[in-house]
Every structure is written in structure tokens, then in C-alpha cells.
Engineer: 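Structure incoming, see below.
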Amino acid sequence: MSFHILGTGSYVPPTVLTNDDLAQIVDTNDEWISARTGIRRRHVAADETTSEMAAKAAAAALENSGVEPEELDLILCATVSGDYICPNMACLVQRAIGASCPAFDLNGACSAFLLLLETAAAYLSTGRYRKILCVGAEQMSRILDWTDRSTCILFGDGAAGVVLEPGDNYLGSELIFRGSQELLNLPTAVGTFPGSRLEPQHPYVYMNGSEIYKFATRIVPQVIQQLLDKTGTAQTDVKWVICHQANRRIIEAAARRLKDIPAEKFLMNIEDYGNTSAASIPLLLDECNRAGKFQKGDLIVFAAFGGGLSCVASLVRW
Ligand code: COA
């Protein structure tokens with residue numbers, strides 16, 4: 001036994017930053033950003049925090065699921081841009097929605113939402129918990145260097161999540177990890193200890209874009225194929241693919257490699273949100289769910305990659 005998705009929810013802040021708006025901040029233009037990434041606009045949180053967005057997404061997911069906060073047995077959250085390192089975001093969400101269950105975070109950068117599903121599936125299959133809320137939320141605008149045009153154009157803010165109960169619809173997962181900080185990192189503070197020999201680092205997202213691009217275009221189709229092989233699923237059985245929304249060209253490259261999954265099965269909303277890291281997959285899931293895109297029994301592949309480095313795929317039956 002694993003899980004069944006009871007409902008989904010999301011929240012994005014109202015302020016929208018278009019590519020033209022960005023061109024007022026750094027030396028860039030709409031044509032470059034659209035052609036290289038597929039992104040046209042992103043939402044940014046000007047006056048609310050990550051946990052506030054997470055709590056709104058959580059409330060929407062609970063409402064969509066018909067579950068009351070006090071029925072939750074566990075809250076799992078993921079973020080790299082939380083209000084604090086301590087307390088974790090899950091505890092802030094717990095208080096904001098009026099729940100009283102255990103609550104903790106996982107750190108998995110852009111793959112984190114799929115790690116929440118993996119963790120929730122393990123708990124639900126033991127019978128230890130019966131209702132789990134999983135939320136990914138990010139305020140990437142707060143951890144970007146807005147003078148670095150190669151990173152600040154890629155990301156956006158938002159939050160989204162799901163409520164899970166025991167069921168048979170988590171059909172498998174594949175996890176590839178390659179420990180490395182060189183290509184993608186987000187340093188922490190080094191403190192003021194006078195004897196410290198640690199160098200203070202630039203406290204913003206650092207990324208080697210072209211190397212991450214090469215990593216992602218190779219690893220995403222690989223992890224999906226490994227997942228399909230492991231679960232005995234043919235490419236032709238896959239109804240939808242929800243990839244981490246980092247770059248349209250990465251998703252299109254994956255679609256070209258997975259020849260028997262038609263390109264239109266690879267769902268996208270990157271145009272409107274950019275890369276929202278841990279919120280990216282549940283944001284697209286919620287959008288499609290509310291649009292009535294999924295039919296009962298549809299096989300959905302999720303695939304994410306990110307800092308770690310990591311690449312995770314999972315197979316869910318709707
Ligand atoms: N606007 C205009 N020009 C820009 C620019 C911007 N915002 N950012 C970079 N450029 C310039 C570069 O300076 C470079 O100029 P040069 O050739 O004169 O040196 C040129 O565009 C090409 O840069 P390059 O980095 O090779 O572009 P690219 O085609 O690799 O696209 C990314 C850059 C970042 C869009 C792409 O590498 C990417 O998406 N990588 C993956 C990032 C990712 O997914 N991160 C999330 C991980 S979870």
C-alpha cells in the first residue's frame with residue numbers, strides 16, 4: 001500500500017514580473033529569455049513570506065481534499081527559501097492552518113517535492129499515518145542575485161501541495177543522486193566567530209547554467225526510462241508527464257529522447273511561472289487537476305532534477 005492523492009492546492013503571489021520588466025533590472029530582453037527558456041513572466045512575493053504562501057497553498061489543498069487541518073497526521077514541507085532555517089517551514093504552516101500534528105521539512109532543492117511523496121509513501125504504507133499534507137513553497141526572489149542576468153531571469157515564487165491518504169496509486173520511483181556542490185549551490189552564513197577560517201560566500205543561488213543544462217537533458221530522460229523499466233510500464237501507457245519546470249528546452253529534449261511518449265503529453269506552465277523549485281511540480285499538478293485534465297486511472301510520470309545534484313522520477317496513477 002502506498003498513497004492516493006486526495007486533493008491539490010496552490011498559491012502564487014499577485015505581483016507579476018514580465019521579461020520586459022526584467023529588462024529594466026538587468027541587461028536582457030524578452031526575445032532572449034523566451035527563446036532560451038520558454039519563460040515569459042513569473043510571480044514574485046513583494047510583501048509576503050514563503051511560509052505565508054505555503055499556508056495558503058496548504059489551505060487550498062485541504063479544501064480541495066475535503067480534509068480538516070485537525071485530521072492531518074503529518075505535514076511535510078520543502079523549501080530552499082524558507083522564512084527561517086529554524087523553525088522549519090512545516091511548523092509555521094502547522095500553526096497557520098490550525099493543525100497540531102508533527103511537521104518537518106526536507107531539503108532537496110528542485111527535486112524536493114518528489115522526495116516528499118517518497119517519504120509520505122513510506123509512512124503511509126506502514127500504517128503509521130493516515131493523512132499527510134505535502135507542500136513545496138519558494139520565495140526564490142529573496143535568494144537570487146538580481147545583478148546576475150544568467151540566474152535571476154529563471155526563477156519565480158509560489159507554493160503548492162497535495163493531501164495524501166493510504167492507497168495503491170504510487171506505483172514506483174527512481175532516485176539518482178550525484179553529490180556535488182560545484183554546479184549549483186546556495187551558501188549559508190559563516191557567522192562571526194573570530195577564529196573561523198571559513199570565507200563568507202555570496203549568499204545567493206549560484207549556478208553553472210550550461211553544465212546544469214547538459215546534466216538535465218541527459219539525466220531526465222534516463223531517470224524516466226529507468227522508472228518505466230522498473231515498473232514494467234511502456235512509454236505508450238504514459239498519459240501525462242509532469243517535469244520540473246526549469247527550462248522549456250530541457251523538457252522538449254526529454255520528449256525527443258522518449259520517442260513513444262508524444263510531446264503534447266509533457267505538460268507545461270513554465271511560460272507563466274518560471275522555475276519555482278520545490279513548488280514547480282505541484283503547481284502544475286494543481287493547475288491541471290483544477291482544469292479537469294486528469295481522468296481516473298491516468299498514469300502520470302513526475303520527473304525533477306536539481307541541486308544535490310539529484311534527479312527523481314515517480315509514477316502515479318490518478
Ligand atoms: N539575457 C541576455 N543574454 C544572456 C542572459 C540574459 N538573461 N544570460 C546569459 N546571457 C548571455 C551570456 O552572457 C552568453 O553571452 P556570450 O556568448 O557573449 O558569453 C550567451 O547569453 C549565452 O549564454 P549561455 O549560458 O551559453 O546560454 P544558454 O543557451 O546555455 O542558456 C540558460 C542559459 C541558463 C538559460 C541555460 O543554460 C539553462 O537553462 N540551464 C539550466 C538551468 C536550470 O535548469 N537551472 C535549474 C536547476 S534546478
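Residue numbers run from 1 in the order of the sequence given. Side-chain atoms are counted along with the backbone in the values below, which use heavy atoms only and exclude waters and symmetry mates.
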Engineer: When rounded to the nearest 0.5 angstrom, what distance separates CZ in Arg95 from OG in Ser51?
Structural biologist: 9.0 Å
Engineer: Phe302 versus Val312: any side-chain heavy-atom pair under 4.5 Å?
Structural biologist: no
Engineer: Any donor-acceptor pair under 3.5 Å linking the side chain of Asn19 with the backbone of Ile33?
Structural biologist: no
Engineer: How would you list, by chain and number, every residue that makes a salt bridge (charged side-chain N to carboxylate O under 4.0 Å, His left out) with Asp83, sequence neighbours excluded?
Structural biologist: none
Engineer: May I ask you to decide if Arg130's main-chain N or O and Asp73's side chain share a donor-acceptor pair within less than 3.5 Å?
Structural biologist: yes
Engineer: Run the side chain to side chain contact (heavy atoms under 4.5 Å, CB included) check on Val162 and Leu117 step by step: do they pass?
Structural biologist: CA-CA 9 Å; Val162 294; Leu117 296 188; 4.1 Å; yes
Engineer: If you round to the nearest 0.5 Å, how far is CD1 of Ile212 from OG of Ser210?
Structural biologist: 9.5 Å
Engineer: Using the side-chain contact (heavy atoms from CB on, under 4.5 Å) criterion, which residues pair with Glu68? Sequence neighbours excluded.
Structural biologist: Glu70, Glu71
Engineer: Between atom CG of Leu175 and atom CG of Leu114, what is the distance when rounded to the nearest 0.5 Å?
Structural biologist: 8.5 Å
Engineer: Report yes if the side chains of Arg36 and Ile153 come closer than 4.5 Å at any heavy-atom pair, otherwise no.
Structural biologist: no
Engineer: Let me confirm one number: the CG-OG1 distance from Leu227 to Thr233, rounded to the nearest 0.5 Å.
Structural biologist: 7.0 Å
Engineer: Could you walk me through whether Lys265 and Val238 pass side chain to side chain contact (heavy atoms under 4.5 Å, CB included), step by step?
Structural biologist: CA-CA 8 Å; Lys265 304 280 183 191; Val238 173; 5.8 Å; no
Engineer: Is there a path of hydrophobic side-chain contacts, each under 4.5 Å between heavy atoms of I/L/V/M/F/W/Y residues, joining Ile251 to Phe155?
Structural biologist: yes
Engineer: Any donor and acceptor pair, going by atom type alone, linking the side chain of Arg142 with main-chain N or O of Gly82 inside 3.5 Å?
Structural biologist: yes
Engineer: Contact between Glu48 and Pro13 at the side-chain level, heavy atoms closer than 4.5 Å - yes or no?
Structural biologist: yes
Engineer: With rounding to the nearest 0.5 Å, note down the distance linking OG in Ser314 to CD1 in Ile224.
Structural biologist: 10.0 Å
Engineer: Side-chain contact, heavy-atom cut-off 4.5 Å: Ile5 with Leu164?
Structural biologist: yes
Engineer: With sequence neighbours excluded, give me every ring-ring contact (aromatic ring centres under 6.0 Å, His included) pair touching residues 30-56.
Structural biologist: His43-Tyr273
Engineer: List in chain and number order the residues that pass salt bridge (charged side-chain N to carboxylate O under 4.0 Å, His left out) with Arg290, two or more places apart in sequence or in another chain; answer none if no residue qualifies.
Structural biologist: Asp286
Engineer: Output yes when a side-chain donor or acceptor of Ser280 lies under 3.5 Å from a complementary backbone atom of Thr276, and no otherwise.
Structural biologist: no
Engineer: Do Phe215 and Asn208 make a side-chain contact, defined as non-hydrogen atoms from C-beta onward lying under 4.5 Å apart?
Structural biologist: no
Engineer: Who passes ring pair (Phe, Tyr, Trp, His ring centres under 6.0 Å) against Phe305, sequence neighbours left out?
Structural biologist: His244
Engineer: Output all residues satisfying ring pair (Phe, Tyr, Trp, His ring centres under 6.0 Å) with Tyr129, sequence neighbours left out; order by chain, then residue number.
Structural biologist: Tyr123
Engineer: What pair of heavy atoms forms the shortest contact from Gly307 to Leu184, and how long is it?
Structural biologist: N-CD2, 3.3 Å
Engineer: Show, in sequence, the C-alpha distance, side-chain angles and deciding distance for Trp240 and Val301, and conclude whether the side chain to side chain contact (heavy atoms under 4.5 Å, CB included) test is met.
Structural biologist: CA-CA 6 Å; Trp240 305 109; Val301 169; over 6 Å; no
Engineer: If you look at every heavy atom in Ala112 and Ala278, which pair is closest and at what distance?
Structural biologist: CB-CB, 4.2 Å
Engineer: When you compare the side chain of Leu228 with that of Asp237, does any pair of heavy atoms fall below 4.5 Å?
Structural biologist: no
Engineer: Report the residues that fulfil salt bridge (charged side-chain N to carboxylate O under 4.0 Å, His left out) with Asp30, sequence neighbours left out, ordered by chain and then residue number.
Structural biologist: Arg40
Engineer: Would a single hydrophobic cluster contain both Val205 and Leu154, if residues Ile, Leu, Val, Met, Phe, Trp and Tyr are joined by side-chain heavy-atom contacts under 4.5 Å?
Structural biologist: yes
Engineer: Hey, is NZ on Lys293 packed in by over 12 heavy atoms from elsewhere, all under 6.0 Å?
Structural biologist: no
Engineer: If you count every heavy atom of other residues, nucleotides or ligands that lies below 6.0 Å from Phe177 atom CZ, does the total exceed 12?
Structural biologist: yes
Engineer: Mind checking side-chain contact (heavy atoms from CB on, under 4.5 Å) for Tyr213 and listing every partner two or more places apart, or none if nothing turns up?
Structural biologist: Thr217, Asn247, Arg249, Ile250
Engineer: Keeping Ser81 on the side-chain end and Gln139 on the backbone end, is there a donor-acceptor pair under 3.5 Å?
Structural biologist: yes
Engineer: Under 4.5 Å between side-chain heavy atoms, hopping through other hydrophobics if needed: is there a path connecting Leu183 to Met207?
Structural biologist: yes
Engineer: Run the side chain to side chain contact (heavy atoms under 4.5 Å, CB included) check on Glu287 and Leu267 step by step: do they pass?
Structural biologist: CA-CA 10 Å; Glu287 199 168 87; Leu267 300 169; over 6 Å; no
Engineer: Ignoring hydrogens and geometry, is there a side-chain-to-backbone donor-acceptor pair from Ser65 to Gly7 under 3.5 Å?
Structural biologist: yes
Engineer: Transitive ILVMFWY cluster of Leu198 at side-chain heavy atoms under 4.5 Å: who else is in it?
Structural biologist: Val190
Engineer: Might you confirm whether atom CD1 of Ile85 has over 12 heavy atoms from other residues, nucleotides or ligands at distances under 6.0 Å?
Structural biologist: no
Engineer: Running the 4.5 Å side-chain criterion over Ile, Leu, Val, Met, Phe, Trp and Tyr, what cluster does Val163 land in, apart from itself?
Structural biologist: Leu6, Leu62, Val67, Leu72, Ile75, Met89, Val93, Ile97, Leu133, Val135
Engineer: Are any non-hydrogen side-chain atoms of Glu138 and Met53 less than 4.5 angstrom apart?
Structural biologist: no
Engineer: For Cys311 and Val223, work out which heavy atoms get closest and say how close.
Structural biologist: SG-CG1, 3.4 Å
Engineer: Heavy atoms only: give me the nearest Ser310-Gly108 pair and the separation to one decimal.
Structural biologist: OG-O, 4.4 Å
Engineer: Connecting only ILVMFWY residues whose side-chain heavy atoms lie within less than 4.5 Å of each other, what is the rest of Val16's hydrophobic cluster?
Structural biologist: none
Engineer: Indicate if Val220 and Leu284 have the same hydrophobic cluster label, given that clusters are the connected sets of ILVMFWY residues with side-chain heavy-atom separations under 4.5 angstrom.
Structural biologist: no
Engineer: Run the salt bridge (charged side-chain N to carboxylate O under 4.0 Å, His left out) test against Glu252 and tell me which residues pass, sequence neighbours left out.
Structural biologist: Arg248
Engineer: Rounded to the nearest 0.5 Å, what's the gap from CG on Asn185 to OH on Tyr206? Could you check?
Structural biologist: 7.5 Å
Engineer: Can a donor-acceptor pair be found, under 3.5 Å and without considering hydrogens, that links the side chain of Asn169 to the backbone of Phe3?
Structural biologist: no
Engineer: Are Leu22 and Ile39 in one and the same hydrophobic cluster, where Ile, Leu, Val, Met, Phe, Trp and Tyr link if side-chain heavy atoms are under 4.5 Å apart?
Structural biologist: yes
Engineer: Going by an N to O cut-off under 4.0 Å, is there a salt bridge joining Asp272 and Arg41?
Structural biologist: yes
Engineer: Would you say that more than 12 heavy atoms from the other residues, nucleotides or ligands in this model lie under 6.0 Å from the CD of Glu199, or not?
Structural biologist: no
Engineer: If every non-hydrogen atom of Leu144 is compared with every non-hydrogen atom of Thr151, which pair is closest and at what distance?
Structural biologist: CD2-O, 4.4 Å
Engineer: Locate the shortest heavy-atom distance separating Asp157 from Ala45; write the atom from each residue and the value.
Structural biologist: OD2-N, 2.8 Å
Engineer: Any donor and acceptor pair, going by atom type alone, linking the side chain of Gln245 with main-chain N or O of Cys243 inside 3.5 Å?
Structural biologist: yes
Engineer: Quick one: are Asn275 and Ser277 in side-chain contact, heavy atoms under 4.5 Å?
Structural biologist: yes
